[in-house]
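Every heavy atom of this structure was used, including side-chain atoms; hydrogens, water molecules and symmetry mates were not. Numbered from 1 within each chain, the chains take letters A, B, ... in sequence-line order. Keep in mind the model is a prediction, meaning the values are calculated, not measured.
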Number of protein chains: 2
Amino acid sequence: MRTSDIPEIRSLRLFESMSESAFDSLMQAAYLQTFPAQLELIREGDPADFLYVLTDGCVEMFARTNQRETTMGMVHPVGTFILAAVLKDAVNLMSARTVQKSKLLLIPSANVRAAFERDEAFARAIVEELAGCYRGVVKDQKNLKLRSSVERLANRLLRFHQDQGASGSLDLPYDKRTLASLLGMTPENLSRAFNTLKPYGVEVDGATVHLSDVDSLARLAKPDALIDELAT
Amino acid sequence: MRTSDIPEIRSLRLFESMSESAFDSLMQAAYLQTFPAQLELIREGDPADFLYVLTDGCVEMFARTNQRETTMGMVHPVGTFILAAVLKDAVNLMSARTVQKSKLLLIPSANVRAAFERDEAFARAIVEELAGCYRGVVKDQKNLKLRSSVERLANRLLRFHQDQGASGSLDLPYDKRTLASLLGMTPENLSRAFNTLKPYGVEVDGATVHLSDVDSLARLAKPDALIDELAT
DNA sequence: GTCAAGGCTTGATAATTATCAAGGAGCAAG
DNA sequence: CTTGCTCCTTGATAATTATCAAGCCTTGAC
């Protein structure tokens, strides 16, 4: 792979503490590749041949069963996906597709497992990462089971707003259709949920959302540190 | 702790491959205790002081926010809980309470983390366990987002039936109220969902359910290996 | 036995969410 | 500038799920 991308990857929490030699051998086995938008990278049910590291672009994790489909999560740079399947040498539980043109590093699963065996610091980092992923899904599930769709949208808007600097407006980082599926609702209902939030100072203009009364929105959303905060 | 329970715990996948000395020191720091039914063992938001190992009884994992409550999962012997929070030295994301009188081993978090640092085999087992937990929650989430409540019930009945020997009938292992919450529905709707399944050969008699037409039920449920099978 | 309590069910109704059909707005290609 | 496309929105309606209010049945205490 090209050496110019290595520092970026090395700085990922998953890789930063591993030994130089283990990191090098991982990188030597890896492929850096650019994929066009809307390309299905992995399909649920297939064996997890690679650990994916997204360095540029955006990837949607989704799942299907019985002709229905739902978005399970979005991956942003720099992020990894299907770590659990790689470690267990199992099939993928989720599919993944690029949202935009995306640059990805593909590390063969066998090499990841070998590095895990050899390098203790890497093993520790993997546990940290996995535990974080686990807690992420648990939060998602609490979000789904304990909140209505309007509340989920309100909290998601507050999070976007926060992440983007709390300037009073925010940009939706992907399609409304995708956002709807991520929030567990139909596109039609997302539209209506935005209307429901108008009295709370939410004004939609294409992919931009203005929040004119964050406090009122927060009173409706009732954000919960154990669901909405990334850190915990 | 009492030595009579050690073999049972040692045989857990999480502990079976760790070194004798690391296991011994973990066990010496641990407490084995029996708790009455309906006791809240841990509360979400509190620091994860112990790793819990259930050796007898049954524990419900649940979560609350904003006066609403939902069951996140059930733990059966021999099983562990809040491993992720222990490893991250973080607060619990879920609460736990005993369903029946239950026997639990409490291992102080610090000792678990120390053993993880010291014993490589334990570290590997932890990764395996964590990855399994992660994949479990992902499956739960797919179940929730891709199926209706009747389909969730149908699939859960099929799973109970399978687990209990596929004899044509099964026993619900906990309250219907709890089952309803686990499936993401109200008790009233669980009752109605059972009625909806009558034409598919589902007959309820208290906590016992007879399945007179498993094929027909399975055609409705459309079980999916990537959601319903434990192994994958 | 009677009684009370808890768990479950049922019915009536309401709220939430989905589906179907149509139409508008923005955008890229020609 | 027009055309066609995709994405989003809206309205009408239907399906699903929740809530509220009884009521029933079992269980255990007395």
Side-chain angles (χ1 to χ4, degrees), chain A residues 36-38 58 60 65-71 97 99-101 143-157 171-198 202-210 220-221, chain B residues 36-38 58 60 65-71 97 99-101 143-157 171-198 202-210 220-221:
Chain A
Q38 292 302 323
C58 184
E60 176 188 1
T65 195
N66 189 33
Q67 4 263 34
R68 276 164 277 189
E69 183 181 308
T70 190
T71 302
R97 69 180 151 228
V99 173
Q100 324 149 9
K101 186 178 164 195
N143 193 33
L144 266 175
K145 290 185 82 177
L146 292 166
R147 285 176 172 157
S148 71
S149 60
V150 171
E151 290 170 327
R152 292 198 294 274
L153 174 59
N155 279 294
R156 179 63 61 154
L157 291 177
D171 291 315
L172 301 177
Y174 26 79
D175 277 3
K176 287 186 185 144
R177 186 172 37 100
T178 307
L179 177 62
S181 181
L182 187 66
L183 294 175
M185 55 209 281
T186 57
E188 292 96 326
N189 266 322
L190 177 62
S191 254
R192 293 184 183 112
F194 271 122
N195 286 333
T196 306
L197 291 179
K198 251 182 203 156
V202 175
E203 206 176 313
V204 184
D205 174 23
T208 304
V209 180
H210 300 276
L220 173 84
Chain B
Q38 293 302 325
C58 184
E60 176 188 1
T65 195
N66 189 32
Q67 1 266 34
R68 277 164 276 188
E69 183 180 309
T70 190
T71 302
R97 69 180 150 228
V99 173
Q100 324 149 9
K101 186 179 164 195
N143 193 34
L144 266 175
K145 290 185 83 176
L146 292 166
R147 286 176 172 157
S148 71
S149 60
V150 171
E151 290 170 327
R152 292 198 294 274
L153 174 60
N155 278 293
R156 179 63 61 154
L157 291 177
D171 291 315
L172 301 177
Y174 26 80
D175 276 3
K176 286 183 186 147
R177 186 171 38 100
T178 307
L179 177 62
S181 181
L182 186 66
L183 294 175
M185 54 208 281
T186 57
E188 292 96 327
N189 266 320
L190 177 63
S191 252
R192 294 185 181 109
F194 271 123
N195 285 333
T196 307
L197 291 179
K198 252 182 202 155
V202 175
E203 205 175 314
V204 184
D205 175 23
T208 303
V209 180
H210 300 276
L220 173 84

*asked:* By the 4.0 Å heavy-atom rule, please label A/Arg177 as base, sugar-phosphate, or nothing.
replied: sugar-phosphate
*Does A/Arg68 use its side chain to pair, donor to acceptor, with the backbone of B/Arg147 at less than 3.5 Å?*
no
*asked:* Is it the case that D/dT16 (base atoms only) and B/Arg152 (side chain only) share a donor and an acceptor within less than 3.5 Å, ignoring hydrogens and angles?
replied: no
*Please confirm whether any donor atom in the side chain of A/Glu188 sits under 3.5 Å from an acceptor in the base of C/dC20, or the reverse.*
yes
d([atom1], [X]; [atom2], [N]) in whole Å:
{"X": "A/Met185", "N": "D/dT17", "atom1": "CE", "atom2": "C1'", "value": "16 Å"}
{"X": "A/Asp175", "N": "D/dT9", "atom1": "CG", "atom2": "P", "value": "11 Å"}
{"X": "A/Glu151", "N": "C/dT16", "atom1": "CD", "atom2": "P", "value": "10 Å"}
{"X": "A/Glu203", "N": "D/dT9", "atom1": "CD", "atom2": "P", "value": "13 Å"}
{"X": "B/Arg192", "N": "D/dT17", "atom1": "CZ", "atom2": "P", "value": "12 Å"}
{"X": "B/Lys145", "N": "D/dT17", "atom1": "NZ", "atom2": "P", "value": "16 Å"}
{"X": "A/Phe194", "N": "D/dC7", "atom1": "CZ", "atom2": "P", "value": "17 Å"}
{"X": "B/Gln38", "N": "C/dG6", "atom1": "CD", "atom2": "C1'", "value": "12 Å"}

At under 4.0 Å, does any side-chain N or O of [X] touch on OP1 or OP2 of [N]?
{"X": "B/Asn195", "N": "C/dT10", "answer": "yes"}
{"X": "A/Asn189", "N": "C/dT17", "answer": "no"}
{"X": "B/Ser149", "N": "D/dT17", "answer": "yes"}
{"X": "A/Thr186", "N": "C/dA18", "answer": "yes"}

*Would one find more than 12 heavy atoms of other residues, nucleotides or ligands at under 6.0 Å from atom CD of B/Glu69?*
yes
*Over 12 foreign heavy atoms within 6.0 Å of CD, A/Gln100*: yes
*What are the two closest non-hydrogen atoms of A/Leu146 and A/Glu151, and how far apart are they?*
O-OE1, 4.3 Å
*Out of curiosity, B/Asn143 CG to B/Arg156 CZ, how far, rounded to the nearest 0.5 Å?*
7.0 Å
